[in-house]
Amino acid sequence: MASGVKPRVKVPATATAGEVITIKTLISHTMESGQRKDSDGNTIPRSIINRFHVTFNDETVIDVVLEPAISTNPYFEFQATVPESGTFNFTWYDDDGSVYEDSKEVSVG
Amino acid sequence: MNVTRRETLAIGTGAAALTLLPLNAAFAATEDAIAAFTGGAEVVEGGVTLTAPEIAENGNTVPIEVAAEGAAEIMVLAAGNPNPDVATFKFGPLAGAREASTRIRLAQTQDVIAIAKLEDGTFHRASQEVKVTIGGCGG
């Protein structure tokens with residue numbers, strides 16, 4: 001499922017140096033588990049996002065391995081330390097090889 | 001055919017063991033997943049906070065939250081799912097706190113387990129039973 005995938009990320013625009021901020025992310029994706037069957041009784045093949053990686057100025061904040069037990073439209077909430085102004089990069093890796101990206105700038109001052 | 005009292009008992013035990021088999025299989029898968037994560041190291045109860053609802057009306061989206069002081073990685077397992085793996089959170093140097101929340105699928109009423117690997121190399125676990133009204137595996 002490479003169409004209709006829309007990442008949404010909520011990050012405060014400003015922070016003080018060293019502040020711990022809360023980040024919320026949501027990406028629209030069916031996360032087909034590979035357990036469901038269609039109306040003809042055939043198993044619908046698995047198609048999920050299997051990895052979610054967040055970096056700030058190229059330093060890892062959190063790296064998540066996702067399994068089929070993660071709900072449709074995967075949602076994550078976590079904390080990040082902001083040592084200086086910079087950019088958060090969010091990357092989602094799909095089973096089909098697609099990569100979805102989003103980034104948010106945070107200014108310290 | 002005459003069935004003695006002793007034989008009746010034996011048949012009953014056999015039948016009970018048979019019905020328990022699928023449960024044991026799921027249990028073994030969970031144990032395997034834990035062993036793969038810990039490498040056979042001892043797992044201490046406590047030291048991890050797992051927040052999940054006691055009753056989840058919809059097994060398709062069950063909000064959970066894991067937190068463990070000083071954790072390098074936290075693995076979440078659902079013992080009663082067809083595949084017990086749920087997610088593994090790895091915390092990097094800029095993680096503000098060793099906690100994360102997400103939404104998971106649960107097929108039935110079961111135990112959700114969180115296992116944390118701390119930076120000192122020890123493993124800690126916590127588990128909580130979640131009662132599921134409608135299962136979340138499309139079955």
Side-chain angles (χ1 to χ4, degrees), chain A residues 11-12 15 18-27 29-39 41 43-44 46 48-84 86-89 106, chain B residues 26 29-30 33 36-37 51-52 56 58-69 71-108 110 112-113 117 130 132 135-139:
Chain A
V11 180
E19 189 184 347
V20 173
I21 58 168
T22 301
I23 297 179
K24 295 176 181 181
T25 71
L26 185 75
I27 185 164
H29 194 285
T30 50
M31 293 293 280
E32 194 56 65
S33 68
Q35 299 285 342
R36 297 201 307 153
K37 292 186 168 62
D38 63 14
S39 51
T43 303
I44 306 170
R46 165 183 148 154
I48 67 165
I49 290 172
N50 55 45
R51 184 173 170 223
F52 172 49
H53 190 204
V54 181
T55 59
F56 181 73
N57 291 350
D58 295 327
E59 272 216 83
T60 299
V61 175
I62 195 167
D63 192 349
V64 188
V65 178
L66 286 75
E67 303 287 347
I70 296 292
S71 301
T72 306
N73 304 339
Y75 165 84
F76 289 103
E77 186 181 328
F78 51 91
Q79 317 275 327
T81 310
V82 184
E84 73 251 330
T87 312
F88 279 101
N89 278 310
V106 176
Chain B
T30 309
F37 183 67
T51 314
N58 184 354
N60 269 312
T61 55
V62 183
I64 61 148
E65 190 181 331
V66 288
E69 198 76 30
E73 295 181 28
I74 302 179
M75 181 175 69
V76 181
L77 296 168
N81 273 6
N83 173 1
D85 297 315
V86 175
T88 307
F89 301 93
K90 294 182 192 124
F91 299 100
L94 285 181
R98 304 310 159 109
E99 60 178 66
S101 42
T102 185
R103 296 171 187 153
I104 67 170
R105 291 180 175 136
L106 295 176
Q108 62 195 30
Q110 58 180 280
V112 176
I113 303 163
K117 179 187 185 184
V130 180
V132 178
C137 276

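A, B, ... follow the sequence lines: proteins, then strands. Residue 1 opens every chain.
Residues A:Glu67 and B:Ala87 approach most closely at CG-N, 4.3 Å, considering heavy atoms. The two residues A:Pro68 and B:Arg105 come nearest to each other via the heavy atoms O-NH1, 2.9 Å. Minimum interatomic distance between B:Asn81 and A:Ala69 (heavy atoms only, all atoms of both residues): ND2-CB, 3.7 Å. Shortest non-hydrogen contact noted between A:Ile70 and B:Ile104 is CD1-CG2, 4.1 Å. Contact detail for B:Ala95 and A:Val61: the closest heavy-atom pair is CB-O, 3.4 Å.
For a residue to count as touching a neighbouring chain, one of its non-hydrogen atoms must lie under 4.5 Å from one of that chain's; by this rule A:Ile48 does not touch chain B. For A:Pro74, no part lies under 4.5 angstrom from a heavy atom of chain B. With a threshold of 4.5 angstrom between heavy atoms, B:Ala97 approaches chain A through its backbone and through its side chain.
Atom CZ of residue A:Arg46 and atom CG of residue B:Asn83 lie 8.0 Å apart, to the nearest 0.5 angstrom.
Side chain of A:Ser71 to main chain of B:Asn60: a donor-acceptor pair is present (N/O by atom type, distance under 3.5 Å, no hydrogens or angles). At least one donor-acceptor pair under 3.5 Å links the side chain of B:Thr102 to the backbone N or O of A:Tyr75.
By the neighbour-count criterion of 12 heavy atoms within 6.0 Å, atom CG of A:Asp38 is densely surrounded, having more than that number from other residues, nucleotides or ligands. Within a 6.0 Å sphere centred on CD of B:Glu65, heavy atoms belonging to other residues, nucleotides or ligands number more than 12.
Side chain to side chain, B:Arg103 and A:Thr72 fail the donor-acceptor criterion of an N or O pair below 3.5 Å.
The candidate with the highest count of non-hydrogen atom pairs below 4.5 Å against chain A, out of B:Ile64, B:Val62, B:Thr61, is B:Thr61. Most heavy-atom pairs under 4.5 Å with chain B, from the set A:Leu66, A:Val20, A:Ile62, A:Val82: that is A:Ile62.
For the pair A:Thr60/B:Lys90, no side-chain contact is recorded, criterion being any heavy-atom separation below 4.5 Å from C-beta on. Inter-residue side-chain proximity for A:Glu77 and B:Glu99 is flagged as unmet; no heavy-atom pair is nearer than 4.5 Å. Looking only at side-chain heavy atoms (C-beta outward), B:Phe89 and A:Phe76 come within less than 4.5 Å of each other.
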